[in-house]
Chemist: 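Attaching a single structure in structure tokens format; questions to follow.
All heavy atoms count here, side chains included; hydrogens, waters and symmetry mates do not. Below, chains carry the letters A, B, ... as their sequence lines are ordered, and counting in each starts from 1.
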Protein chains: 2
Amino acid sequence: MAKKPFTTASTTDEQAFLAGYDASQFPHPSLTVDVALVTADGGKLKAVLVQREQHPARGKWALPGTFVGIRESLDEAAQRALQTKVGISRIFLEQLYTFGQPDRDPRTRVVSVAYYALVDPGKLTKGFAADQRTQLIELSAKGTGKGQAAGPVHGLDEQGKRLPLAFDHGDILGMVVERLRGKLDYAPIGFELLPKKFTLRQLQDIHETILGRKLNKDSFRRRLIASGRIAATGEHEQAVGHRPAELYRFKGTQQRH
Amino acid sequence: MAKKPFTTASTTDEQAFLAGYDASQFPHPSLTVDVALVTADGGKLKAVLVQREQHPARGKWALPGTFVGIRESLDEAAQRALQTKVGISRIFLEQLYTFGQPDRDPRTRVVSVAYYALVDPGKLTKGFAADQRTQLIELSAKGTGKGQAAGPVHGLDEQGKRLPLAFDHGDILGMVVERLRGKLDYAPIGFELLPKKFTLRQLQDIHETILGRKLNKDSFRRRLIASGRIAATGEHEQAVGHRPAELYRFKGTQQRH
DNA sequence: ATAATAGTGTCTCTCAGACACTATACC
DNA sequence: GGTATAGTGTCTGAGAGACACTATTAT
């Protein structure tokens with residue numbers, strides 16, 4: 001086969017594809033989206049997870065997800081999953097990676113397109129008491145900074161005890177942390193985790209939480225101001241017990257250089 | 001719905017999912033992989049494309065692809081597509097992004113997991129005369145360097161005339177170029193496009209081809225040698241009409257810092 | 001010897017990190 | 001005034017770009 005790349009077999013396969021193939025003819029993988037809704041609060045990286053009530057992986061924590069409808073795009077399916085399972089919409093949402101190991105779900109073949117979403121924790125705190133199965137769970141992320149792998153990740157309860165994740169969702173969250181660390185410096189990641197107006201200290205806290213290490217204050221300030229991505233508002237924070245910092249806002253995505 | 005996130009509807013949906021859902025019950029998207037097999041030759045970025053013989057998009061050029069089998073992983077499907085359609089295997093292969101717009105294929109709903117593969121053009125030249133429909137086509141990539149978007153991309157024939165791409169494959173190749181530019185500095189991209197032993201000049205040519213701009217010779221040499229990712233072999237190129245350069249080899253992926 | 005590219009030494013500029021200092025709020 | 005954090009000015013070291021120079025091969 002290596003010597004004759006274009007065999008009859010490959011040609012008929014191609015023709016079957018080109019002829020307009022009937023999707024119901026042989027078994028296909030099922031297709032879902034799973035969304036890691038991530039936020040940073042109190043120096044901790046957290047995600048909204050749903051505790052499973054049924055086997056398999058009963059009692060373990062899973063990402064909110066849904067099947068992909070026959071007429072909706074993947075982005076739309078991810079938005080619908082967030083709206084339906086967490087009751088939130090109009091937030092930053094981006095495709096991460098597609099997970100398709102044949103044994104990742106023991107019931108049947110399920111390929112899952114994973115997304116991550118970012119949200120200001122202030123937008124999330126209301127309404128979470130409604131369902132005890134859905135909670136904001138702290139993530140354990142190994143390593144620090146851009147170079148190192150973060151996962152797999154697991155959940156942590158209030159006492160720092162391990163909460164197991166369902167299926168390969170620990171791997172998914174590990175890749176989310178890695179991706180956030182990698183894109184932090186050149187994509188509007190940090191701003192999505194803060195209110196519209198924020199101080200440079202708050203933004204630095206977000207960066208430190210994602211990277212898992214401390215950053216230099218002076219260098220961080222200079223770099224962010226020089227980036228042209230934020231603008232001073234002239235307003236200042238209030239009642240903080242010390243000199244109030246100026247509030248900045250994100251100017252929106254724009255090209256540099 | 002925004003006020004009450006956890007409605008009865010979402011709960012029953014969850015239960016249906018948890019109960020172990022029958023995949024054949026309602027229509028699913030079909031799932032394929034498409035692979036951009038990319039190489040750099042003569043200062044041009046090229047990809048292996050297949051000219052379509054049938055409608056839709058008849059005569060246009062498409063990425064080699066295949067349906068995802070029910071028992072194979074996505075990576076395995078991508079490898080199989082390369083083996084079956086191009087007759088090549090054991091090369092660098094990495095998942096890119098999953099394309100799922102409902103109208104991307106006019107026949108039926110097809111979600112495609114796109115991959116990119118990198119290969120030394122020396123490994124590819126043999127055997128391409130066998131099928132005229134499968135050719136190595138130059139890519140038009142806009143912009144330069146990391147910051148700028150590259151796509152959508154189209155093909156170019158020997159005379160520089162535009163060759164239209166099928167479906168959304170121009171968008172896929174645009175994202176491939178973007179990804180290569182972004183990962184070039186910290187992932188073993190360049191080495192995969194060269195023989196095992198190469199000169200620094202060859203490696204710099206590869207980088208310049210991918211980025212679409214010239215690089216500083218001195219700085220490039222220092223940076224690559226200091227990176228610790230390559231090792232001098234002591235051998236030199238031969239019969240080049242000028243001072244022969246030393247041959248280097250890639251030391252393999254390893255962590256720094 | 002000449003042409004052409006490989007490879008080295010050094011200067012400068014930019015930027016991150018570090019440190020010291022001043023500024024301004026609440027108590 | 002005391003305390004805590006905001007914000008500024010300046011020095012230093014690392015690394016990229018630029019340039020000049022030397023080295024080595026084929027013709």
Chemist: Can you tell which of B:Q202, B:R201, B:H207 makes a side chain to side chain donor-acceptor pair (under 3.5 Å) with B:D205?
Modeler: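 Result for side chain to side chain donor-acceptor pair (under 3.5 Å) with B:D205: B:R201.
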Chemist: With a 3.5 Å cut-off and sequence neighbours excluded, list the donor-acceptor pairs that the side chains of residues 232-241 of chain A form with protein atoms.
Modeler:
from   : atom 1 : to     : atom 2 : distance (Å)
A:T233 : OG1    : A:E235 : N      : 3.1
A:T233 : OG1    : A:L247 : O      : 2.7
A:E235 : OE1    : A:K197 : NZ     : 3.3
A:E235 : OE2    : A:K197 : NZ     : 2.6
A:H236 : ND1    : A:G234 : O      : 3.3
A:E237 : OE2    : A:A245 : N      : 2.9

Chemist: Counting only side-chain N and O atoms of A:N216, is one of them less than 4.0 Å from OP1 or OP2 of C:dA18?
Modeler: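 Affirmative; the distance criterion is met.
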Chemist: What is the separation between atom CD on A:Q204 and atom P on C:dA16, rounded to the nearest whole Å?
Modeler: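 After rounding, the reported distance stands at 13 Å.
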Chemist: Please pick, from C:dA25, C:dA6, C:dA23, the nucleotide with the shortest atom-to-atom distance to any side-chain atom of A:P244.
Modeler: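 Looking only at side-chain atoms, A:P244 lies closest to C:dA25.
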Chemist: Here's a test of your reading of the structure: between B:F220 and B:K217, which maps to the more 5' nucleotide of DNA chain D?
Modeler: B:F220
Chemist: Atom CG of A:L247 and atom C1' of C:dT24: how far apart are they, to the nearest Å?
Modeler: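 Interatomic distance, CG of A:L247 to C1' of C:dT24: 15 Å.
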Chemist: Considering all heavy atoms of both residues, which atom of A:A62 and which atom of A:A166 are nearest to each other, and what is their separation?
Modeler: CB-CB, 4.0 Å
Chemist: Please walk me through it: do A:Y116 and A:E94 pass side chain to side chain donor-acceptor pair (under 3.5 Å)?
Modeler: CA-CA 6 Å; A:Y116 64 98; A:E94 198 167 81; 2.6 Å; yes
Chemist: What's the separation between atom OH in A:Y248 and atom CD1 in A:I225, rounded to the nearest 0.5 Å?
Modeler: 4.0 Å
Chemist: What contact category does B:R222 fall into here, base, sugar-phosphate, or nothing, at under 4.0 angstrom with non-hydrogen atoms?
Modeler: base
Chemist: Going through the distances and angles, do A:Q79 and A:Q83 end up as a side chain to side chain donor-acceptor pair (under 3.5 Å)?
Modeler: CA-CA 6 Å; A:Q79 279 170 353; A:Q83 178 62 59; over 6 Å; no
Chemist: Give the rounded distance in Å between these two atoms: CG of B:D205 and C1' of C:dT5.
Modeler: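 It works out to 12 Å between those atoms.
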Chemist: Identify whether any heavy atom of B:E246 sits under 4.0 Å from a base atom; if not, whether one sits that close to sugar-phosphate; answer base, sugar-phosphate or nothing.
Modeler: sugar-phosphate
Chemist: A:R243 CZ to C:dT24 C1': how many Å, rounded?
Modeler: 5 Å
Chemist: Shoot me the first and last contacting nucleotide of DNA chain D against chain A, ordered 5' to 3', at under 4.0 angstrom to non-hydrogen atoms.
Modeler: D:dA4 to D:dG9
Chemist: Can you check the A:H236 NE2 to C:dT24 C1' distance for me, whole Å?
Modeler: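 It works out to 9 Å between those atoms.
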Chemist: Has the side chain of A:S140 got a donor or acceptor atom that lies under 3.5 Å from a matching backbone atom of A:H154?
Modeler: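 Checking the backbone N and O of A:H154 against the side chain of A:S140, a donor-acceptor pair under 3.5 Å is found.
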Chemist: Taking for each residue the nucleotide of DNA chain D with the nearest heavy atom, is it B:G241 or A:H242 whose nucleotide lies nearer the 5' end?
Modeler: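 The 5'-side residue here is A:H242.
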